[in-house]
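Written out below as structure tokens is the structure these notes cover.
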Amino acid sequence: MESASHTRRDVRYEPDDRPPLLLTTGLGLQYALLSIAGIIITPTVMITTAGGSDTYLTWAVFAALVVSGTATIVQALRIGRIGAGYILVMGSTGAFLAVSVSALELGGPGLLASLIVMSSLVQFVLAAKMSLLRRIFTPTVAGTVLILIPVTVAHLVIRKLYDVPDGASAATAPVVAGVTLLVTLVIALRSSGIWRLWAPAAGIVAGTLTAGLVFGIYDTASVLEAPWVGLPGKAYMGFDISLGPEFWALLPAFVMVTLVGAMDTLGDSIAIQRISWRKPRSTDFRSIQGAINADGLGNLLSGVTGTVPNTTYGMSVSIAELTGVAARSVGVCVGVIFILLAFLPKLVAAIIAIPGPVAAAYFIVVFALIFVFGMEILTQDGLDYRKSLVVGVAFWMGLAFQLDWVFPEYFQGAWSDLLANGMTVGGVTVILLTLFTEAAGSRRRRIKTVLDAKSYAKVDDFLSGFSAQRKWNEEMTTRVRAVGEETLNILMGHTVDLEADQQRSLLLIVHDDGGAADLEFIAATGEANLEDRMVALGDWAAGGSIEEMPLRLLRHYAASVRHQQYHDTDVVTVRVEA
């Protein structure tokens, strides 16, 4: 836990600050330029790979820009419970590429729209019930599905790699893709700071110039014909409400990718909170819930408009950290710029015309980073023997079914469509094995009571009995009982002014972890965050009021204290070691 004296001096503007208009606009353009290629290329690859029409492609790109802009603005403003309240740029995600192409090939835009809308609802449920689903929606699950995304999308990238006009030289695809990849990697590996963020854009420009000037495969005619300002033609796709076997076969895969997108948003939301304030704050899970709600809103709008879903872009954190500007007004500016760019068809046409090998090389880098990001999530969560086995089995199950290695003759029809997606198989496998590991671990004991004066005796008796059952020594038993008492004192501080019928219920869950005790207090939400209050205490020797004594005692007895504040729910996890 960071000390109260630690401050980030490099933060020039916090979220609530208002930087000068010129600075806000300049940073907004920088964010937009770094994101624009990804927003447009993803739906372009999706539709061209699936053989969609030019009219649909133009509409989908227009919709992707408008939806990304809208979602980015909502993320910054935090409207009600929707939005993080920080700069989190939203844009098209390649994670949905494989399943979206499958949907278009099996049922067209109508099936795709229905699947996206249905799966987007999962994010709203997840955000609302995050405190209850925290044991299922784990880093292990998200990391495993993330490392399976490159496996499921590899065949699409290879198809795009060879997407060159008939009659083109045999060297076209490898040279163009090689130049794109080389420039991207050289800049990314040799540069530092903000220049590294420009590596993908530089690679795309270098590859496109090579394709156009050396091999003549860049479609300049479509760019010249596009107007400078305008709207796309009518392309209402509608919904497929028949909910046939294709829908049910693909829905699990869409749900899996949606959960991964939510985990990505969760990670970005935690990171942007950490670098946006001069004085360190504990993670606000209500902001994370808002970020996931905004992500769900973006996906819902993507489904309604018939384009590829979106997610938060991690470069939001990188730019905010490098520039020291975390003001919400910058996020609003980025969203407005996205929406304005949607009405510039010539610019959009210039990006749509990017040759297939360039797009393939770009996605090689993108999916390589997705794979590494998944590994980082897994390692940061701690890979012990059990988690390593779960991840390994789930990954190979996903890989085997993706490549039809596991008795394909026995899985035909609807089963073939369902099990042909590695993310579905691997995701279901890791969830089931995680739940089994959780159930097979040491038994958790729990007690539910009303958070009032009578709860002290009930909780103390419960913890004394648990300690006796585990045969802990007197010192460990005293620590556990003291932690229970002081945590109740702190939680009771929020109920003093409540009427009897409004008092909060308390659920206490205790778990023996190799001689240490993990106590989880779950109650209706209070106002202050315990971690922030404990940091503000300063040194133990410093003076303080009598109200601070429970905090000081809790800090003395506990090895760690973690306070997760959700809408309507507080989860205080305290670890006690002998």
Handout entry: Check: Ser276 side chain, Ile272 main-chain N or O, donor-acceptor pair, under 3.5 Å
Key = yes
Problem - side-chain contact (heavy atoms from CB on, under 4.5 Å) between Arg386 and Val390, worked out - result: CA-CA 6 Å; Arg386 291 182 179 83; Val390 167; 5.5 Å; no
Problem - Polar side-chain atom of Tyr566 near backbone of Ala127 as donor-acceptor pair, under 3.5 Å - result: no
Fill in the blank from the handout: Here the pair of heavy atoms bringing Thr311 nearest to Gly261 is OG1-O, 3.6 Å
Handout entry: Partner residues of Asp54 under the side chain to side chain contact (heavy atoms under 4.5 Å, CB included) criterion, sequence neighbours left out
Key = none
Exercise for the section: Count the heavy atoms belonging to other residues, nucleotides or ligands that lie under 6.0 Å from CH2 of Trp396, then report whether that count exceeds 12. Expected result: no
Completion exercise
Of all heavy-atom pairs linking Ser92 and Thr42, the shortest is CB-CB, 3.8 Å
Practice task
Test side chain to side chain donor-acceptor pair (under 3.5 Å) on Asn293 and Gln123 and set out the steps.
Solution key: CA-CA 6 Å; Asn293 274 329; Gln123 287 179 285; over 6 Å; no
Exercise for the section: Could you walk me through whether Leu112 and Phe254 pass the side-chain contact (heavy atoms from CB on, under 4.5 Å) test, one step at a time? Expected result: CA-CA 10 Å; Leu112 175 64; Phe254 271 81; 3.9 Å; yes
Problem - Non-hydrogen side-chain atoms of Met46 and Phe96 separated by less than 4.5 Å - result: no
Exercise for the section: State, with a plain yes or no, whether a side-chain heavy atom of Val334 is found less than 4.5 Å away from one of Ile87. Expected result: no
Problem - Side chains of Leu148 and Met256 in contact at under 4.5 Å (non-hydrogen atoms) - result: no
Exercise for the section: Determine yes or no for a side-chain-to-main-chain donor-acceptor pair under 3.5 angstrom, with Thr312 supplying the side chain and Asp268 the backbone. Expected result: no
Practice task
Determine whether Leu181 and Ile364 make a side-chain contact, defined as any pair of heavy atoms from C-beta on separated by less than 4.5 Å.
Solution key: yes
Exercise for the section: Spell out, as yes or no, whether a donor-acceptor pair under 3.5 Å connects the side chain of Asp163 to the backbone of Pro355. Expected result: no
Fill in the blank from the handout: Looking only at heavy atoms, the pair that brings Thr307 and Ala64 closest together is OG1-CB, 3.6 Å
Completion exercise
So CD1 of Ile354 and OG1 of Thr180: to nearest 0.5 Å the spacing works out to 9.0 Å
Handout entry: Heavy-atom pair with the smallest gap, counting every atom of Val89 and Ser35
Key = CG1-OG, 3.7 Å
Exercise for the section: Return the set of residues passing side chain to side chain contact (heavy atoms under 4.5 Å, CB included) with Ile337 (not counting sequence neighbours), or none when no residue passes. Expected result: Leu29, Ala32, Cys333, Leu341
Exercise for the section: Return yes when atom CZ of Arg159 has more than 12 non-hydrogen atoms of other residues, nucleotides or ligands closer than 6.0 Å, and no otherwise. Expected result: yes
Problem - CG on Leu389 to CG on Leu433, rounded to 0.5 Å - result: 7.5 Å
Problem - Heavy-atom check, side chain of Ile270 versus side chain of Ile288, under 4.5 Å - result: yes
Practice task
Using modelled atom types only, decide if a donor and an acceptor are shared between the side chain of Ser287 and the backbone of Ala84 within a distance under 3.5 Å.
Solution key: yes
Scan the side chains in residues 223-231 for donor-acceptor partners under 3.5 Å anywhere in the protein, sequence neighbours excluded, and list what turns up.
none

Handout entry: Rounded distance (nearest 0.5 Å) linking atom CD of Gln273 with atom CG of Leu88
Key = 9.0 Å
Practice task
Mind checking the CD1-OG spacing from Ile47 to Ser53? Nearest 0.5 Å is all I need.
Solution key: 8.0 Å
Handout entry: Main-chain N/O of Ala188 paired to Trp198 side chain as donor or acceptor, under 3.5 Å
Key = no
Exercise for the section: Check for a donor-acceptor pair, side chain of Thr72 on one end and backbone N or O of Met90 on the other, with a separation under 3.5 Å. Expected result: yes
Handout entry: Side-chain heavy atoms of Ile73 within contact of Ile339, under 4.5 Å
Key = yes
Handout entry: Shortest non-hydrogen separation from Ala103 to Leu250 and the atoms involved
Key = CA-CD1, 3.6 Å
Handout entry: Pairs involving residues 339-359, ordered by first then second residue, that meet ring pair (Phe, Tyr, Trp, His ring centres under 6.0 Å) (sequence neighbours left out)
Key = Phe62-Phe343
Practice task
Name all residues meeting the side chain to side chain contact (heavy atoms under 4.5 Å, CB included) criterion together with Ala294; count only those two or more places apart in sequence or in a different chain, and write none if there are none.
Solution key: Val74, Gln75, Ile82
Problem - Criterion side-chain contact (heavy atoms from CB on, under 4.5 Å) on Ile149 and Phe371, from CA distance to verdict - result: CA-CA 7 Å; Ile149 287 177; Phe371 181 87; over 6 Å; no
Exercise for the section: Taking Ser102 for its side chain and Ala98 for its backbone only, find out whether a donor-acceptor pair lies under 3.5 Å. Expected result: yes
Problem - Within-4.5 Å side-chain heavy-atom neighbours: Leu156 and Lys160 - result: no
Handout entry: Short side-chain to backbone donor-acceptor contact, Trp248 and Leu243, under 3.5 Å
Key = yes
In residues 168-177, what donor-acceptor pairs under 3.5 Å come from side-chain atoms, sequence neighbours left out?
from   : atom 1 : to     : atom 2 : distance (Å)
Ser169 : OG     : Ala171 : N      : 3.2
Thr172 : OG1    : Ser169 : N      : 3.3
Thr172 : OG1    : Ser169 : O      : 2.9

Handout entry: Heavy-atom check, side chain of Ser222 versus side chain of Ile352, under 4.5 Å
Key = no
Handout entry: Ile204 side, atom CD1; Ile351 side, atom CD1 - distance, nearest 0.5 Å
Key = 8.0 Å
Problem - side chain to side chain donor-acceptor pair (under 3.5 Å) between Thr93 and Asn310, worked out - result: CA-CA 5 Å; Thr93 172; Asn310 57 24; over 6 Å; no
Exercise for the section: Specify the closest pair of heavy atoms between Thr434 and Val430, including all atoms of both residues, with the distance to one decimal. Expected result: OG1-O, 2.6 Å
Handout entry: Step-by-step side-chain contact (heavy atoms from CB on, under 4.5 Å) determination, Tyr313 to Ile39
Key = CA-CA 10 Å; Tyr313 279 6; Ile39 294 175; 3.8 Å; yes
Practice task
Find the distance between OG (Ser242) and CG (Leu111) and round it off to the nearest 0.5 Å.
Solution key: 8.0 Å
Practice task
Could you tell me whether a side-chain N or O of Ser120 sits under 3.5 Å from a main-chain N or O of Val117, the two making a donor and an acceptor?
Solution key: yes
